[in-house]
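In what follows, a single structure is set out as structure tokens and then discussed.
Since we're looking at a predicted model, the values are computed, not measured. Indexing begins at 1, ligand by ligand and atom by atom, following the structure's order.
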Amino acid sequence: MSAEKDRVVLAYSGGLDTSVAIGWIAEQTGSEVIAVAIDVGQGGEDMDDIRKRALACGAVDSEVVDARAEFAADYCVPALTANALYMDRYPLVSALSRPLIVDHLVRVAREKGASMLSHGCTGKGNDQVRFEAGIAALAPDIKVLAPVRDSGMTRDKAIAFAAGKGLPIDVTSKSPYSIDQNLWGRAVETGHLEDIWNGPWEDVYDYTADPAQPREPDELVIGFTDGVPTAVDGTPKTPLEIITELNERAGAQGVGRLDMVEDRLVGIKSREVYEAPGAIALITAHQEMESVCVERDLARFKRQAEQRWAELVYDGLWFSPLKRALDAFIADASQHVTGDIRLRLHGGRAVVTGRRSPASLYDYELATYDTGDTFDQAMSKGFVELWGLPSKIAAIRDRRAS
Ligand code: ARG
């Protein structure tokens with residue numbers, strides 16, 4: 001690296017767009033490009049091959065970060081404690097990884113003395129917002145370059161650029177789908193999915209088996225400590241181990257497939273197919289653990305906070321004051337969310353079949369209809385009368401007035 005040239009840190013995936021962006025940015029700005037590839041559990045290619053490809057495409061430096069454990073513990077677990085589902089369904093797969101990527105890009109920029117960051121997003125999606133709003137919050141002094149969106153790096157031009165420079169990228173084996181995947185799930189769009197009447201073909205799926213195929217169910221016990229999953233079948237495990245195991249076991253039962261039209265922040269409705277077997281199984285279990293351990297009003301209020309949390313994260317505001325304040329609320333509300341949930345995975349569904357907790361609010365003696373009942377039903381008579389009193393008085397007035 002030279003002392004006098006400006007430096008750009010590029011979020012590098014190893015694909016066509018970001019491979020071409022290396023030389024494209026260098027030509028347009030006269031800067032040196034440093035590629036950073038982040039492993040958030042997307043699988044596929046070897047990360048060291050990706051690192052070397054960046055150098056072959058002209059990067060002056062190339063770094064790979066294994067962020068899987070960090071992603072699991074600091075991004076997926078908070079999404080789980082928030083039961084985060086955008087539009088009540090989408091577990092925020094892509095939206096969760098962007099703030100982590102931004103955090104590492106900013107770190108590398110500081111370490112290498114770079115004054116610019118770059119991403120390969122288009123101008124139509126949410127991810128440009130997540131990158132740039134994140135950068136603005138963490139490093140307001142850093143300039144952003146978005147070559148695909150802002151400097152005419154269309155797909156045709158990218159292919160011509162790659163061919164002209166002899167870059168080591170295969171531009172022929174293009175999948176009809178745009179795919180983004182990580183430890184929390186997988187998002188698939190474009191191709192035949194852009195006609196929203198078309199059902200998804202089976203080739204769309206990778207994390208999940210066809211739920212309609214006959215197979216034996218799988219039953220497991222997930223242990224939680226203060227809202228955080230800490231064990232499977234009695235064996236203590238890290239969040240990364242638990243999510244990985246659940247992706248395999250729930251994925252094998254076809255759990256977590258989702259086909260939806262969603263509201264993007266930029267105003268477009270888009271059709272996306274998701275599969276998030278581990279996320280959906282864990283959220284199902286976590287919600288049930290909360291049902292047992294969280295007091296009624298706190299649980300009702302938390303549901304509103306959860307929806308807002310999911311919207312903020314979807315909308316790229318991970319590093320925002322409201323998100324931070326909601327995190328503090330959720331952490332407080334998660335105290336005592338401790339115990340075990342038994343889940344049955346089968347036929348595309350994760351179904352709770354049992355729960356136990358040392359911090360349970362379920363009181364057998366209050367709930368039972370058998371002998372041993374300690375609930376004093378005589379108290380209910382007056383309670384019900386007073387509960388309905390305001391409506392009763394209003395109804396009497398209404399009748400009088402009409
Ligand atoms: N619509 C999702 C989101 O905004 C996923 C975005 C990436 N999807 C993709 N298939 N490349 O979070």
Side-chain angles (χ1 to χ4, degrees), residues 11-19 21 37-38 40-45 71 75-76 78-80 82-102 119-134 146 148-149 155 158 174-196 198 200-201 203-208 256-280 283 306-320 323:
Y12 185 63
S13 72
L16 171 68
D17 286 345
T18 53
S19 294
I38 317 266
V40 282
Q42 61 268 44
E45 267 192 296
F71 183 55
Y75 295 81
C76 301
L80 174 63
N83 299 314
L85 296 170
Y86 179 65
M87 294 176 76
D88 297 327
R89 275 170 288 172
Y90 164 46
L92 298 178
V93 174
S94 306
L96 287 179
S97 72
R98 280 13 178 208
L100 176 146
I101 294 170
V102 165
H119 62 73
C121 303
T122 72
K124 293 181 72 171
N126 296 313
D127 288 329
Q128 56 173 339
V129 185
R130 296 167 184 153
F131 273 112
E132 292 178 34
V148 175
R149 183 191 64 195
R155 188 152 197 103
K174 169 106 174 71
S175 147
Y177 307 118
S178 163
I179 298 167
D180 185 50
Q181 60 188 46
N182 62 45
L183 193 64
W184 205 233
R186 188 165 174 272
V188 186
E189 60 180 347
T190 70
H192 75 283
L193 299 170
E194 284 183 349
D195 179 340
I196 62 177
N198 283 338
W201 304 339
D203 75 345
V204 158
Y205 300 106
D206 185 47
Y207 283 16
T208 54
R257 288 188 176 187
L258 182 68
D259 175 356
M260 67 186 281
V261 171
E262 89 192 26
D263 284 311
R264 282 192 196 161
L265 183 56
V266 294
I268 301 171
K269 282 191 188 287
S270 70
R271 199 275 187 95
E272 194 104 40
V273 169
Y274 296 104
E275 33 183 4
I280 296 302
I283 290 172
E306 288 170 351
Q307 192 184 341
R308 203 64 196 91
W309 192 97
E311 287 165 355
L312 288 168
V313 173
Y314 184 89
D315 290 347
L317 299 176
W318 179 275
F319 302 105
S320 66
K323 152 76 170 48

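A perpendicular orientation is assigned to the rings of Trp318 and Trp309, their planes being inclined by more than 60° (bins at 30° and 60°). Using cut-offs of 30° and 60° for the angle between ring planes, the Tyr314 and Tyr90 rings count as perpendicular.
Residues forming a ring-ring contact (aromatic ring centres under 6.0 Å, His included) with Tyr177 (at least two apart in sequence, or on another chain): His192.
The shell of residues lying under 4.0 angstrom from ligand 1, judged by heavy atoms, includes Tyr90. Residue-ligand proximity: Tyr274 is placed with a non-hydrogen atom under 4.0 Å from ligand 1. Distances from ligand 1 to the non-hydrogen atoms of Arg130 include at least one value under 4.0 Å.
Atom 1 (N) of ligand 1 has its closest protein heavy atom at Glu262 OE2, 2.6 Å. Looking only at protein heavy atoms, the nearest one to atom 4 (O) of ligand 1 is Asn126 ND2, 2.7 Å. Nearest protein heavy-atom contact of atom 7 (C) of ligand 1 is Ser94 OG, 3.6 Å. In terms of protein heavy-atom proximity, atom 8 (N) of ligand 1 is nearest to Glu272 OE2, 3.1 Å.
Remark: Arg186 is not positioned above the aromatic ring of Tyr205, lacking an NZ or CZ atom under 6.0 angstrom from the ring centre and at most 45 degrees off the axis.
Summarising the geometry, atom CG belonging to Asn182 is positioned 6.5 Å from atom SG belonging to Cys76; distances are rounded to the nearest 0.5 Å.
A donor-acceptor distance shorter than 3.5 angstrom exists from the side chain of Arg257 to the backbone of Thr208, with no hydrogens or angles considered.
For ligand 1, the atoms sitting less than 4.0 Å from at least one non-hydrogen atom of Ser178 are 9 (C), 10 (N), 11 (N), numbered in the order shown with element in parentheses.
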